[in-house]
Amino acid sequence: MKKSVFLGALTLASMGAGVAAAATLDDVKARGKLNCGVTTGLVGFAAPDANGVWEGFDVAVCRAVAAAVLGDPMAVEFVPTTGKTRFTALASGEIDMLARNTTWTFSRDVDLKFDFVGVNYYDGQGFMVPKELGVSSAKELDGATVCIQTGTTTELNLADFFRANNISYEPVPIETNAEAQQQYLAGACDVYTTDASGLAATRATFEDPSAHVLLPEIISKEPLGPLVRHGDNEWGDIVRWTLNALISAEELGVTSANIGELSAGTNNPEVNRLLGTEGNLGEMLGLDAEWAKRAIMAGGNYGEVFEKNIGEATPIGLARGLNAQWTDGGLLYSPPFR
């Protein structure tokens with residue numbers, strides 16, 4: 001008796017998940033565009049340029065998914081979200097995926113019913129202070145006023161850090177990065193705390209970036225990555241493997257410059273499977289054979305996307321660090337395409 005009840009429940013659950021999953025892919029195709037949730041503006045990660053065209057490291061993931069599914073990396077409607085509104089936008093179906101420097105945590109995965117499909121940036125929370133404050137360590141911030149975005153992991157991390165070090169602070173709650181920047185530069189807070197990558201991106205926009213210091217402490221693990229709703233299993237697979245395609249492409253030496261040549265076929269079976277000249281991986285996803293090829297062509301492989309938007313040659317100037325390929329001592333690692 002128990003067995004049949006279990007199997008019945010499993011069948012119902014599978015049917016429910018199947019309907020939800022098919023709905024997102026079908027909706028995106030019927031709409032002819034991907035609705036992608038991004039930040040309200042963080043240079044290098046997601047921000048509109050002078051012509052209103054969104055660009056950045058997170059934006060590139062959205063464009064890669066649109067290229068894979070719709071054949072057009074520009075077929076994306078970018079929906080700006082704050083730390084507070086991003087999860088409601090995803091849960092309600094207003095957006096199909098969220099690619100917004102969002103940390104993968106237990107409660108967001110389990111309690112909020114989201115699926116994180118991978119990590120596109122390994123980060124940690126840091127602190128930025130004006131150089132004239134004369135502070136060289138976060139442990140010297142006793143009594144400081146701290147600008148902090150509400151609805152983020154940084155709130156709890158900050159409280160934990162100050163409590164563990166037996167020092168006090170006064171929070172200055174803000175909604176968006178733009179507001180934090182404004183308040184910080186106006187002197188409404190002594191310190192701005194968020195992901196270290198976000199601090200670097202924000203500092204790069206200042207009139208005099210050298211007048212501001214990123215303190216050495218990194219007080220948390222912040223694995224940032226795209227996410228979708230629970231139950232969208234097929235859709236989750238598409239977003240997950242699109243991100244993996246960008247990561248694998250870099251490892252396998254597939255770039256925006258040589259992808260045309262490699263698409264004619266190579267002696268590396270994994271490259272051939274990735275680019276659709278061998279096997280039927282696209283068919284397994286409900287897409288055509290060249291889905292990953294289009295995703296990579298949209299903005300290049302992971303390394304190209306990194307260097308163009310946030311790398312050491314950009315004003316943001318981030319080193320690969322933990323985000324180097326596993327073969328170069330980093331944490332970047334895609335499961336195999338086979």
Checklist entry - Do Phe306 and Trp326 share a hydrophobic cluster, counting only Ile, Leu, Val, Met, Phe, Trp and Tyr and linking them when any side-chain heavy atoms are less than 4.5 Å apart? => result no

* Asked: Are His212 and Tyr192 an aromatic pair by the rule of ring centers under 6.0 Å?
  -> no

Using a 4.5 Å cut-off on heavy atoms from C-beta on, say whether the side chain of Val146 contacts that of Leu141.
no

In this structure, CG of Leu252 is separated from CG of Leu262 (nearest 0.5 Å) by 10.0 Å

Between Asn101 and Asp195, is there a side-chain donor-acceptor contact under 3.5 Å, judged purely by atom types and distance?
no

| message | What I'd like to find out is whether the side chain of Ile238 reaches to under 4.5 Å of the side chain of Leu25, using heavy atoms alone. | response | yes

ask   = Given Thr205 and Gln181, is the side chain to side chain contact (heavy atoms under 4.5 Å, CB included) satisfied, shown in steps?
value = CA-CA 9 Å; Thr205 67; Gln181 183 172 320; 3.3 Å; yes

Discussion item. Are there over 12 heavy-atom neighbours, none belonging to Glu283, within less than 6.0 Å of that residue's CD?
Written reply: no

(message) Less than 4.5 Å apart, side chain to side chain, heavy atoms only: is that true for Pro335 and Trp241?
(response) yes

**Item:** Close side-chain approach of Ile148 and Val172, heavy atoms under 4.5 Å
**Value:** no

**Report entry** Close side-chain approach of Asp328 and Arg320, heavy atoms under 4.5 Å
**Finding:** no

Using a 4.5 Å cut-off on heavy atoms from C-beta on, say whether the side chain of Val65 contacts that of Met97.
yes

* To do: If the plane angle is over 60° it's perpendicular, under 30° parallel, otherwise tilted; pick one for Phe161 and Phe127.
  => tilted

**Prompt:** So is Arg108 actually on top of Phe116's ring, under 6.0 Å and inside 45° of the axis?
**Reply:** no

Next on the checklist: Would you say Ser168 and Asp142 are linked by a side-chain donor-acceptor pair, where the criterion is simply a distance under 3.5 Å?
Outcome noted: yes

Gly32 and Ala75 have their tightest heavy-atom pair at O-CB, 3.7 Å

Single-linkage hydrophobic cluster, 4.5 Å side-chain cutoff, Tyr333 and Val254 together:
no

Arg63 and Phe78 have their tightest heavy-atom pair at NH2-CE1, 3.5 Å

Ala64 and Leu246 have their tightest heavy-atom pair at CB-CD1, 4.1 Å

message: Quiz question: by atom type and distance under 3.5 Å, do the side chains of Thr82 and Thr85 form a donor-acceptor pair?
response: yes

When rounded to the nearest 0.5 Å, the distance separating CD of Glu290 from CE of Met297 is 8.5 Å

* Asked: If you draw a 6.0 Å radius around CZ in Arg163, do more than 12 non-hydrogen atoms from other residues or ligands fall strictly inside?
  -> no

(Q) Run the side chain to side chain contact (heavy atoms under 4.5 Å, CB included) test on Val191 and Met128 for me, step by step, so that the C-alpha distance in whole Å, both residues' side-chain angles and the decisive distance to 0.1 Å come before the verdict. (A) CA-CA 6 Å; Val191 188; Met128 176 166 63; over 6 Å; no

Note: Ala91 and Phe114 closest approach over all heavy atoms is N-CE2, 3.9 Å

Quick check against the 3.5 Å criterion: does Arg294 have a side-chain atom that pairs as donor or acceptor with the backbone of Ala68?
yes

> Do Glu250 and Asn301 have side-chain N/O donor and acceptor atoms under 3.5 Å apart?
Replying inline: no

Quick one about Trp235 and Asp96 (side-chain donor to acceptor, distance below 3.5 Å, no hydrogens or angles considered), yes or no?
no

Looking only at side chains, do Gln149 and Glu175 share a donor and an acceptor under 3.5 Å apart? no

### Message
Please check this pair: side chain of Arg273 against backbone of Gly279, looking for a donor-acceptor N/O pair closer than 3.5 Å.
### Response
no

Q) How about Asn177 and Thr202: does a side-chain donor come under 3.5 Å of a side-chain acceptor? A) yes

Only one of Thr40, Thr102, Thr81 passes side chain to side chain donor-acceptor pair (under 3.5 Å) with Arg86, and that residue is Thr102

- Message: Less than 4.5 Å apart, side chain to side chain, heavy atoms only: is that true for Pro171 and Phe162?
- Response: no

Discussion item. Treating Arg229 as the side-chain partner and Leu90 as the backbone partner, does any N or O pair qualify as donor plus acceptor under 3.5 Å?
Written reply: yes

Main chain of Leu112, side chain of His230: is a donor-acceptor contact present, judged purely on distance under 3.5 Å? no

Same hydrophobic cluster for Leu224 and Ile219, using side-chain heavy-atom links shorter than 4.5 Å among ILVMFWY? no

- Item | Distance-only polar pair, side chains of Gln125 and Thr154, donor-acceptor under 3.5 Å | no

- Can a donor-acceptor pair be found between the side chains of Asp208 and Ser210 at a distance below 3.5 Å? yes

Rounding to 0.5 Å, atoms CG (Leu274) and CG (Asn244) come to a distance of 10.0 Å

Nearest heavy-atom contact between Tyr122 and Asn323 is N-OD1, 2.6 Å

All heavy atoms of Tyr184 vs all of Cys189, minimum pair found to be CA-SG, 3.7 Å

Report yes or no: do Val129 and Ile174 belong to one cluster of Ile/Leu/Val/Met/Phe/Trp/Tyr joined by side chain heavy-atom distances under 4.5 Å?
-> no

Review point. Under 4.5 Å between any side-chain heavy atoms of Thr145 and Tyr169, yes or no?
Key: no

Would you say the side-chain atoms of Asn157 pair up with the backbone N or O of Thr153, donor to acceptor, closer than 3.5 Å? yes

Under a plain distance cut-off of 3.5 Å, with no hydrogens placed, do Ser220 and Glu222 share a side-chain donor-acceptor pair?
yes

| field | Check ion pair Lys29-Asp26 (N to O, under 4.0 angstrom) | value | no

Interatomic distance, NZ@Lys131 vs OG@Ser136, rounded to 0.5 Å, equals 13.0 Å

Does Asp123 reach the main-chain N or O of Ser197 with its side chain, forming a donor-acceptor pair under 3.5 Å?
yes

One should read off an interatomic distance between Ile259 CD1 and Glu261 CD, to the nearest 0.5 angstrom, of 11.5 Å

In this structure, OG1 of Thr194 is separated from CG of Leu42 (nearest 0.5 Å) by 8.0 Å

Can you check whether Val53's main-chain N or O pairs, donor with acceptor, with Asp49's side chain at less than 3.5 Å?
-> yes

task = Walk me through it: do Asp72 and Lys33 pass the test salt bridge (charged side-chain N to carboxylate O under 4.0 Å, His left out)?
result = CA-CA 9 Å; Asp72 179 5; Lys33 67 179 179 184; over 6 Å; no

message: For Gly44, is there any backbone N or O sitting under 3.5 Å from a side-chain donor or acceptor partner on Asp58?
response: no

Would you check, one step at a time, whether the test side chain to side chain contact (heavy atoms under 4.5 Å, CB included) holds for Cys36 with Glu77? CA-CA 6 Å; Cys36 196; Glu77 179 76 31; over 6 Å; no

Does Thr266 offer a backbone N or O that forms a donor-acceptor pair with the side chain of Asn272 under 3.5 Å? yes

Exercise. Indicate whether the side chain of Thr150 and that of Glu155 have a donor and an acceptor atom separated by less than 3.5 Å.
Key: no

Note to self: Apply side chain to side chain contact (heavy atoms under 4.5 Å, CB included) to residues Glu234 and Leu285 and explain how you reach the verdict.
What the structure shows: CA-CA 7 Å; Glu234 289 171 21; Leu285 279 177; over 6 Å; no

Joint hydrophobic cluster, Met284 plus Leu287, side-chain heavy atoms closer than 4.5 Å: yes

